[in-house]
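Here's the structure we're looking at; comments come further down.
Treat the numbers as computed from the prediction; the structure is a model and nothing was measured.
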Amino acid sequence: MSRKTSLSGFHEWLPEERLVELHVLNTLAEVFELHGFSNIETRAVETLGTLLRKGEIDKEVYTVSRIHETDAPDPADTSRLALHFDLTVPFARYVTENAGHLNFPFRRYQIQKVWRGERPQEGRAREFTQADIDVVGDGALDFRHDIDVALVMAEALSKLPIGQFIIRINNRKLAEGFYRGIGLEDTAGVLRNIDKLEKIGAEEVSKALQEDLGASAEQAELALALAQIRAEDSSFVDQVRALGVEDELLDEGIQELAEVIDQLHKRVPGTAVADLSIARGLDYYTGTVYETNLVGHEQLGSICSGGRYDALATKGKRSFPGVGLSIGVTRLISRLFSQNMVKATRKVPTAVYVALTSDEDWSAAQDVAQQLRSRGINTEVATKAEKFGKQIRHADRRGIPYVWFTNFDNGQTIHEVKDIRTGEQRAADPTTWMPPAEDFQAMILNTVEHND
C-alpha cells in the first residue's frame, strides 16, 4: 500500500513500489519496440491554443507563468504556455513540425508525465504517467492499423501482472451514422451524453437527450438501444440491423467494427468485445474507439483508451490521420497497490552484498563486485568491516538475498556466497557464479490473492 503524499494528486512511490512501476514501463517499452514503434519524447508545455483544440478540457489545464511577470496573464491569450494534459495533442504538433524528417506511416510510442487539474481520487491524479502508441500516415492511413494497435496493446497488457482485462470497442462512424439515421443531427452532443451512460444511467441520459438536444422519446430510446449492444464477435451486426436504421456512414462503421472485432476474436480471444456504449466524448475521434477495463475492477474506469483520428494533425492542405491507444500507467499501478495485487520480491535492485573481513579488503571487494556487475548482477560493497552478523542483518533489512565473503588464507583467496534466506553457504567463483533466474532480476513480481 503506497503512503499518501503531502500534496494531493501527486504520487511519490516508495522504492519497492517504484520497482513495480519500472517493471510495467519496461515491459510496455519492450512490447512496443518488438512491434516496430519508435520512442519519442515531447516537451512538457504547449501553447493554450494548441491544447484547447481538443475540446471541453480547458478547466483541467495547468498554465505556466513566471513569478516576476510584469503584467497579469490575460485569460484569453492562447499563446500562453500550459502543461500538456495528454500525449496525443503534443504528438500531433510534433508530427506537423517534423513531417519532413519522418517516414510514414510513422509508428511511435511515448511514455511521459502529464498534468490535469482534476479532483484527486482513486484512478485520477493531477500528475500521472501515460504510455501511448500511435500510427500516423501522410494523407491516408490504412484501416488495418486500427486492428494492429489493438493487437499490440492486448499483447502488452497480457504481459503485465494485472489479471483479466477487456478491450471494449466501438466505431464513431457507426454511432454517428445511426444517430443521423434516426434524425439526430447533433451527433457530437449525442455522443457526449452517451459517454455519461455508465456514470448517470440510462434514465438521466434519455432525459438529457430530450431536454438538451430536442430528441423525441422514441429517438432517445433508439439511441440507448444501440448503446446496449455487446458481442465478442461480429454477431453485433445483426443486432444493429434489427433496429431498422439506414445510413451510409452507419454501414461503413459496421463494416470496420466487424473487421476489428473478428480479428481480435481470432488472435486474442477473450480480450475484446464490441460495446456500442463506448463513445469517447473527445471531439477528434472519427472511427474506431477503444476503452479497456480490468475485470473485477470496473469501478476504476478505463485503464487504456484511444481511437482513430483523421484530422487532429494538419499542415496546410496536408493531413496526418492516425490511430492510437494510451495506457493510464499511474491509474493502473495505483490500483495494483491499493488492492495488494502485486509486490516486488525485494525492496532494492541489489542481489549481492559483498561483506568485508577487514577494512583493508575494500579494494579487493570492489574487484569482486566489478566481476559480478560485468555479468549484470546488481551488487553493493560494504564500507566497513563490521562483525559478519551485523553485515548480514544489514543486507537482510534491505532485502538483499545474497552476501559474499572473501577470505585470504596462506596466500589463497577463498570466495563463498550465502543465501541469507535459507542459510545455505557455498564456495563460489566471482568470474562465473550466477544467482538463480528468479533472483537475478530485481523486478520480479509476485501476484498475490486479492478481494474486491
Side-chain angles (χ1 to χ4, degrees), residues 146 150 164-247 249-262 264-265 269-282 285-308:
D146 290 35
Q164 188 180 358
F165 61 89
I166 294 293
I167 304 175
R168 302 157 67 196
I169 308 174
N170 196 4
N171 191 291
R172 289 285 282 264
K173 295 176 185 176
L174 187 161
E176 292 180 17
F178 185 90
Y179 304 147
R180 196 168 66 185
I182 62 175
L184 295 177
E185 294 299 325
D186 185 2
T187 58
V190 180
L191 283 166
R192 281 193 293 271
N193 280 284
I194 293 294
D195 199 34
K196 302 172 185 176
L197 184 59
E198 291 184 355
K199 294 180 181 178
I200 65 176
E203 185 177 341
E204 288 299 316
V205 170
S206 177
K207 182 179 177 181
L209 290 174
Q210 294 177 64
E211 293 182 356
D212 300 341
L213 300 180
S216 67
E218 183 182 0
Q219 288 172 323
E221 184 179 348
L222 281 168
L224 288 168
L226 181 74
Q228 292 168 4
I229 295 174
R230 287 166 180 74
E232 292 186 1
D233 54 28
S234 56
S235 61
F236 76 89
V237 175
D238 292 336
Q239 298 178 61
V240 176
R241 295 299 188 197
L243 296 176
V245 178
E246 298 291 337
D247 185 88
L249 189 62
L250 169 63
D251 295 339
E252 187 178 342
I254 287 175
Q255 181 180 347
E256 290 185 356
L257 181 57
E259 188 172 347
V260 173
I261 289 298
D262 278 344
L264 267 70
H265 183 64
T271 64
V273 297
D275 184 338
L276 276 56
S277 70
I278 300 302
R280 302 295 299 147
L282 301 173
Y285 290 118
T286 56
T288 313
V289 286
Y290 321 83
E291 288 193 358
T292 308
N293 296 101
L294 290 183
V295 175
H297 304 268
E298 287 80 7
Q299 69 274 26
L300 181 64
S302 179
I303 60 162
C304 174
S305 59
R308 176 79 176 220

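Summarising the geometry, atom OH belonging to Y179 is positioned 11.0 Å from atom CG belonging to L213; distances are rounded to the nearest 0.5 Å. If you take OG1 on T271 and NE2 on H265, they are separated by 10.5 Å, rounding to the nearest 0.5 Å. With values rounded to the nearest 0.5 angstrom, L224 atom CG is found 5.0 Å from I194 atom CD1. Once rounded to the nearest 0.5 Å, the distance linking CZ of R241 with CG of D251 reads 4.5 Å. To the nearest 0.5 Å, atom CG of residue D233 and atom CG of residue L264 are 12.0 Å apart. Put simply, CZ on F236 and CG on D275 are 11.5 Å apart, with the number rounded to the nearest 0.5 Å.
Of all the heavy atoms in L197 and S277, the pair that sits closest is CD2-CB, 4.2 Å. Taking all atoms of both residues into account, the shortest heavy-atom contact from I261 to A274 is CD1-N, 3.4 Å. Considering all non-hydrogen atoms of both residues, Y290 and R280 come closest at O-CD, 3.8 Å. Residues I182 and Q219 approach most closely at O-NE2, 2.7 Å, considering heavy atoms. Residues A208 and N193 share a closest heavy-atom pair of CB-OD1, 3.2 Å. Smallest separation of non-hydrogen atoms from Q210 and S216: CG-O, 4.0 Å.
Of the candidates R168, Q164, E298, N293 forms a side-chain hydrogen bond (donor to acceptor under 3.5 Å, both in side chains) with just one, namely R168. Among the candidates V190, V240, N170, L250, the single residue satisfying the side-chain contact (heavy atoms from CB on, under 4.5 Å) test with L226 is V240. Tested against L174 for a side-chain contact (heavy atoms from CB on, under 4.5 Å), the candidates V237, D247, T288, L257 yield a single pass: L257.
In this structure, the side chains of D146 and R308 come closer than 4.5 Å at one or more pairs of heavy atoms.
Checked by atom type and distance alone, the side chain of T292 pairs as donor or acceptor with a backbone atom of C304 at under 3.5 Å.
A 6.0 Å sphere centred on CD of Q239 holds more than 12 heavy atoms belonging to other residues, nucleotides or ligands.
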Exercise. Report the C-alpha separation of L243 and I229 in whole Å, then their side-chain angles, then the decisive distance to 0.1 Å, and conclude whether the side chain to side chain contact (heavy atoms under 4.5 Å, CB included) test is met.
Key: CA-CA 11 Å; L243 296 176; I229 295 174; 4.2 Å; yes

Exercise. Before giving the answer on side chain to side chain contact (heavy atoms under 4.5 Å, CB included), spell out for R172 and T286 the whole-Å C-alpha distance, their side-chain angles and the decisive distance to 0.1 Å.
Key: CA-CA 6 Å; R172 289 285 282 264; T286 56; 5.8 Å; no

